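In this chain, residues are counted from 1 in sequence order. All of these numbers come straight from a predicted model, not from anything done at the bench. Only this structure's heavy atoms are used, side chains among them; waters, hydrogens and symmetry mates stay out.
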Amino acid sequence: MSLVSALLLSVFIAIVITENYGYGYWMISRPIFAGPVIGLILGDVQTGLIVGGSVELMYMGILPIGGSVPPNAQIAGMLSTVFAIQNGGNPEVGITLALPIGMLAQLLIMFAWNINIIIMHRADKYLANGEIRKVELAHLAGIPIFFIVFFIPSFLAVYFGSDFVNNIVASLPAIVTDGMKVASGILPAVGMAMLLKMMDMKKYWPFFLIGFVLATYVNLAVLPVSLLGFGIAAAMFIFEKKNEPKDEFDLDDDGDSSAPEELEHILTKKELRSTFFRSFFSMTSINYERYCSLGFAFAMIPALKKLYPNKEDLTEALTRHNEFFNCHPYTGNAVMGVSLALEEQRALGKPITGEAISSTKAALMGPLSGIGDSVFKATFMTVFAAIGAGLALDGSILGPIIFIVPNLILNVGSRWLFIKHGYALGTSIVARMKEGNLIDKFVQGATIVGMMVVGAMIVGFVKAPVAYVWTFGEKEIIVQELLDSILPCLIPLLITLGFYQLLMKNKKGMYICVIVSFILGIVGKMIGMF
């Protein structure tokens, strides 16, 4: 392939793959769709269909759930198609290379996620100075970062051929790549520690412990832990309500709870639409420390500007929404909607505290993320991918169409509906809070759920498995098994609590925690600890 053709094709590949994080999450880079498109460009649609369908089935069970970054199916499907066509339309060549290509792309994505940590901290400085436009540009810088990360290896692979990919994968230093993987597993502890600081760990630590124990010993996922948290909070509210004077919790003057107070509004559909459109960039600066926090804040900026004309109030609100946030990009819009409603009433002088808003976000993102991952990723996408891949392997162009059309509709429709109904739900909640004591109960309930969710998330997100094996005579002791017998996930718990203490005692604790994460990962791998 000529230099110009390789450049143009690599630019196209990088632009398409960047959608997976940089813009929209449209599914156009999935192998079932992107493979035939590459085939169309190179003049061999049939090979594109066969390779795309095969790689889609190969990677179908490998989904980036939560904080995981598995071998990348998108770049594997596209480059495998290129190699197959370059080798005379031989699908077997491309399919064979799909796994090493995906593994190489996995390392590149991990590199981009870590680069975005630097971008995020730069945005923190802009935010502290009230430079909102620079905050927006810092977030959007994630797009060229992902583009470059995908363009360079795509060009080298396309121009120099398939052998280049195998040689690169084989030559990567294991210490560095494995050390970065370990560091990537530790970094989420920084975000967890920031959430604990934000939600008053000293007061609500028992619920954090409950969530951790449920996830560790009962193996409950975040969603059931969240539901249990809601149950505990509701039970506490009911029991305390029985011990209070009857009229103290009346939701309105005549005792009719079906007629909530009509609230004043500042936000219009214009601001909701702006948040909706910006939500397509929610993962642009995704990183291992705070995941989609900056994307969440970016989407909220137009509405928050209208709510808080004062720069100090605006900065405070944006800082509140630039804390750890990880949720499915569709269902996460419901959290945005609820947060907008709470921020609106706070701006209007209602006794809604920043802690209440932060706790509500933490309480919602766990169950909504679980719903998004299980319903949209693992079920909806997989069903249509399986149908489409089957048709593609039979050489039918209907395969990619059947896959992409429902996913495009789901992307647009669900984002708007979650924003719209999330805002309505948040408004309804506030409308029923006429008594200050009820608002306190709401804050307490949200914090209880949030603390339990964070406790459970440590088990799922923070990874630091100890690799030491001690030998005494003929007896072999596996240190990780020994630690698990004392307390499963002990090391992730200690790391998170250690970072929490650093954040509480040091103004620059966040930067120290990030540096410590990389040192632990790389040095720990070098000495055989991990």
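Electrostatic pairing of Glu19 and Arg30 does not count as a salt bridge here, judged by no charged N lying under 4.0 Å from a carboxylate O.
Aromatic ring orientation, Tyr423 versus His265: tilted (interplanar angle from 30° to 60°). Between Tyr25 and His328, the angle of the ring planes goes over 60°, which puts this pair in the perpendicular group of the 30/60° scheme.
Inspection of the Ser293 and Asn322 side chains reveals an N or O donor paired with an N or O acceptor under 3.5 Å.
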Under 3.5 Å, which donor-acceptor pairs link side chains of residues 211-238 to any protein atom two or more places apart or in another chain?
{"unit_1": "Thr216", "atom_1": "OG1", "unit_2": "Phe212", "atom_2": "O", "d": "2.7"}
{"unit_1": "Ser226", "atom_1": "OG", "unit_2": "Val222", "atom_2": "O", "d": "2.7"}

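Scored by the ring pair (Phe, Tyr, Trp, His ring centres under 6.0 Å) test, Phe208 finds no partners at all (sequence neighbours excluded). By the side-chain hydrogen bond (donor to acceptor under 3.5 Å, both in side chains) test, Asn116 pairs with no residue at all, sequence neighbours left out. In this structure Phe325 satisfies the ring pair (Phe, Tyr, Trp, His ring centres under 6.0 Å) test together with Phe296, sequence neighbours excluded. A search for side-chain hydrogen bond (donor to acceptor under 3.5 Å, both in side chains) contacts involving Tyr308 returns Glu343, not counting sequence neighbours. Partners of Lys125 according to the side-chain hydrogen bond (donor to acceptor under 3.5 Å, both in side chains) rule, which considers only residues two or more places apart in sequence or in another chain, do not exist here. The side-chain contact (heavy atoms from CB on, under 4.5 Å) check on Thr315 picks up Leu127, Lys311, Thr319, with sequence neighbours excluded. With sequence neighbours left out, Asn114 forms a side-chain hydrogen bond (donor to acceptor under 3.5 Å, both in side chains) with no residue at all. For Phe146, the ring pair (Phe, Tyr, Trp, His ring centres under 6.0 Å) criterion is met by Tyr21, not counting sequence neighbours. Contacts of Phe276 classified as ring pair (Phe, Tyr, Trp, His ring centres under 6.0 Å), with partners at least two apart in sequence or in another chain: Phe280, Trp416.
The distance between the ring centers of Tyr291 and Trp113 falls below 6.0 angstrom.
For residues 483-498, the side chain to side chain donor-acceptor pair (under 3.5 Å) pairs, not counting sequence neighbours, are Gln480-Asp484. Every pair passing salt bridge (Lys or Arg N to Asp or Glu O under 4.0 Å) that includes a residue from residues 298-310 is listed here, sequence neighbours excluded: Glu271-Lys306.
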